[in-house]
Amino acid sequence: MENQEIARVLWETADLMEIAGEDSFRIRSYRNGATAVEGYPERIADILRDPHRNVTEIPGIGKGLAQVLAEIVERGSCERRDLLLQKFPPTALEFLKIQGLGPKSIALIFQHYRISTIDELERLCQEHKLRVLPRMGAKLEEKVLRSIAQYRQRSGRYLLSYAEGVAAELIEALGQVPGVDAVTPAGSLRRGRETVGDLDLLVTGPSAHAALERFVTYPRVEEVLGRGENKASAKVGREGFQVDVRALAPENFGAALQYFTGSKDHNVAIRTRAVKMGLKLSEYGLVRVEGDIRVAGETEAGVYEALGLPWIPPELRENCGEIEAAAEGRLPELVELQHIRGDLHMHTTETDGRATLDEMAEAARARGYQYIAITDHSKALAMANGLDEKRVVAFARQVREINRNGAPSGLRVFSGIECDILKDGALDLAPDALAELDLVIASVHSHMNMEAAEMTDRLMRALECPHVRILGHPTGRLLLHRDPFPFDFDRVAAEAVRRGVWLEINASPERLDLHGALIRGAKAKGARFAISTDAHHPKQLDYMRYGVVTARRGWLGPDDILNTLAAEPFAAALQSRP
Ligand code: DGT
Ligand code: CA
Ligand code: CA
Ligand code: ZN
């Protein structure tokens, strides 16, 4: 059992405990445990199996949770979860995914109505049966109806990071089959989309077909959906994630990779271009219609070349002008992971992070960075033990000290804060405290269901503060969980440009905020960007690659991104807000 699956059971149990109104301290311990398990570099199942080790060595895992983990690894559930699932319908967990319905409201609904499906919940709203319950009203019914529609739209999709994990696992397993040369991911995963519907894998080599057999008998395959001569589909893991595996002949590989990478809209436009040139493109190759002569198919670049185009990076293949740009020789030079010189958003044990400043610095140095900014939360996030003015001033002094003595890791450390934007747009900390710091990120973490006009004003006001340098996770979305809050993005982006504030591309796989289309729009207005991981654990510094992929989907080059600068020019840029 993978850590991610264990963590999911813990999250679920905590959610159910919340519906049952259980002790909040205990609920928190389950959630902390889930975060710890998710971010742990070793497999929990392996540690449990090792008689010389104990899972309590993992920070955040006490004796009680250790037992729970053993139970989950053994049978996929734990006693507390089983009991709660008897008390509530199993779909209770689905209800929590409906925005606007918290555990308390769900508990209340369950007390009054015997419902167990989202369809039944929808009917309750349509028949105005929620508004008769205490503290619920017509507005909530409308909101729940909207949320149900959104829920239906996004269910059946998975985070990019999750899909990438399953892909890595299968590439490893299928790659070991003798006679398999390569296993290559295609589809939305290759394009770097922030969520993935199903995984598309292409297998090549003299015994590519043997990989199909290995796939359908793979231990984590739950259900085989189809098995043909050249293709197999199956659901993998407890989440039921669909994977399509195709075996290919080497002479078709390029055409197949192009076809199965998509997007569908890109392919339609590419095929239209082919037709105009007297060519016919399919997953098997590119053929000149006159005389039925094959002109390309072995490599993807060969297919594009025969169509008079340079190779187009997969992240751009959404039919949003990339084919025209390619034809006119104006494809952008895209940013790459190796261009990134530092990470500008991370948390430590001072607030809700899981490692110290030194540990984060060491992890950043190991990744070859020249600098980091430590940006813990501000006091409005009391649950996370956010910093007040006094702690901010002490922290800024501590960082100056570190840099004076030369940080042990050889890294330059910038003192920063992720300062809350309060409901009225004021910042959570006094200006003279913020002035002590090298880098202020301003972020919204509360009161997200405002009207668009009000939210726009709130963000515009936050940008007025002269100490703010970065607008953190600007739209507030949580993928598959919470939609962006409504506001006038164009106005806010234009104001950020005017005031020299950089827009964050938050690389956490649950956020990826901003996303490609907004990035591209903001760049056209002159915006500049920072790609940051928002790491709460050293391992999460690896999220940078998701941020880079997202920036590429926004057509960004290294020059659009501040943390591609070397330490000295970056420090100078920090000082130079107009
Ligand atoms: P997903 O799985 O929803 O995240 O998105 P994709 O893009 O991976 O879509 P998927 O798995 O249905 O198909 C993979 C690629 O195969 C897709 O990007 C383009 C190609 N493809 C699949 N079906 C069609 C089709 O009916 N027409 C065309 N032109 N291409 C298709
Ligand atoms: Ca797919
Ligand atoms: Ca597919
Ligand atoms: Zn934040």
Side-chain angles (χ1 to χ4, degrees), residues 153-160 162-164 166-167 184-202 225-226 231-236 241-246 248 255-275 280-283 314-319 344-347 351-353 375-378 380-381 383-384 386 416-421 428 440-446 448 462 470-480 482 485 504-508 510-511 513 530 532-536 540 543 553:
Q153 208 171 29
R154 70 186 172 225
S155 60
R157 298 196 67 82
Y158 299 78
L159 292 183
L160 176 62
Y162 175 80
E164 195 192 68
V166 175
T184 311
S188 49
L189 177 74
R190 183 165 182 242
R191 301 198 310 280
R193 256 193 84 172
E194 53 265 57
T195 63
V196 170
D198 65 20
L199 177 60
D200 303 281
L201 293 178
L202 308 180
L225 301 168
K231 180 188 169 188
S233 292
K235 290 197 180 276
V236 176
F241 182 48
Q242 183 177 328
V243 181
D244 297 338
V245 180
R246 291 178 174 85
L248 301 172
L257 181 60
Q258 197 284 324
Y259 181 87
F260 291 111
T261 295
S263 67
K264 206 173 152 185
D265 290 343
H266 174 86
N267 286 356
V268 168
I270 284 287
R271 271 203 308 271
T272 309
R273 182 180 174 90
V275 169
K280 191 169 175 307
L281 179 63
S282 75
E283 59 193 282
E315 293 93 336
L316 302 187
R317 299 186 198 170
E318 301 290 347
N319 195 29
L344 304 180
H345 185 162
M346 67 190 69
H347 299 268
T351 62
D352 59 352
T375 56
D376 269 310
H377 288 293
S378 64
L381 279 189
M383 271 197 8
I417 188 98
E418 183 183 19
C419 186
D420 261 56
I421 299 174
D428 185 27
V440 175
I441 303 173
S443 303
V444 168
H445 290 124
S446 61
M448 286 183 233
I470 295 180
L471 185 60
H473 42 73
T475 78
R477 74 172 179 175
L478 288 177
L479 287 163
L480 309 178
R482 184 174 74 208
F485 44 70
E504 182 175 82
I505 299 171
N506 189 296
S508 161
E510 274 134 51
R511 291 191 183 271
D513 180 10
S532 310
T533 61
D534 201 350
H536 286 66
Q540 294 178 347
Y543 290 166
R553 289 177 62 82

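Counting starts at 1 for both ligands and their atoms, in listed order.
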### Query
Within a distance of under 4.0 Å, is there any protein heavy atom near atom 12 (O) of ligand 1?
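Flag for atom 12 (O) of ligand 1 set to false, no protein heavy atom closer than 4.0 Å.
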### Query
Are any of the protein's heavy atoms under 4.0 angstrom from atom 9 (O) of ligand 1, yes or no?
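No; the ligand atom in question lacks any protein heavy-atom contact below 4.0 Å.
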Going by distance only, is there an N or O of [X] that falls short of 3.5 Å from an N or O of ligand 1?
| X | value |
| --- | --- |
| G197 | yes |
| R191 | yes |
| R193 | no |

Side chain, backbone, both or neither: the part of [X] lying under 4.0 Å from ligand 1 by heavy atom:
| X | answer |
| --- | --- |
| D198 | both |
| L189 | neither |
| S188 | both |

### Task
Could you please compute the angle at the Ca ion (ligand 3) from OD1 of D200 to OD1 of D198, rounded to 10°?
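Value, to the nearest 10 degrees: 100°.
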### M346 side chain reached by E418 side chain, heavy atoms, under 4.5 Å
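No, side chains not in contact.
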### Message
Could you check whether atom NZ of K280 has more than 12 heavy atoms from other residues, nucleotides or ligands sitting under 6.0 Å from it?
### Response
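Atom NZ in K280 is not crowded, with 12 or fewer foreign heavy atoms closer than 6.0 Å.
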### Query
Can you tell which of R193, R553, K264 makes a side-chain hydrogen bond (donor to acceptor under 3.5 Å, both in side chains) with E318?
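When side-chain hydrogen bond (donor to acceptor under 3.5 Å, both in side chains) is applied between E318 and each of R193, R553, K264, only R553 qualifies.
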### Query
What residue and atom, counting heavy atoms only, is the protein's closest point to atom 3 (O) of ligand 1, and at what distance?
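Here the nearest protein heavy atom works out to R157 NH1, 3.1 Å.
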#### Entry: Shell of protein N/O/S atoms around the Zn ion (ligand 4), taken as anything under 2.8 Å
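Near the Zn ion (ligand 4), the protein supplies E418 OE2, H445 NE2, H473 NE2.
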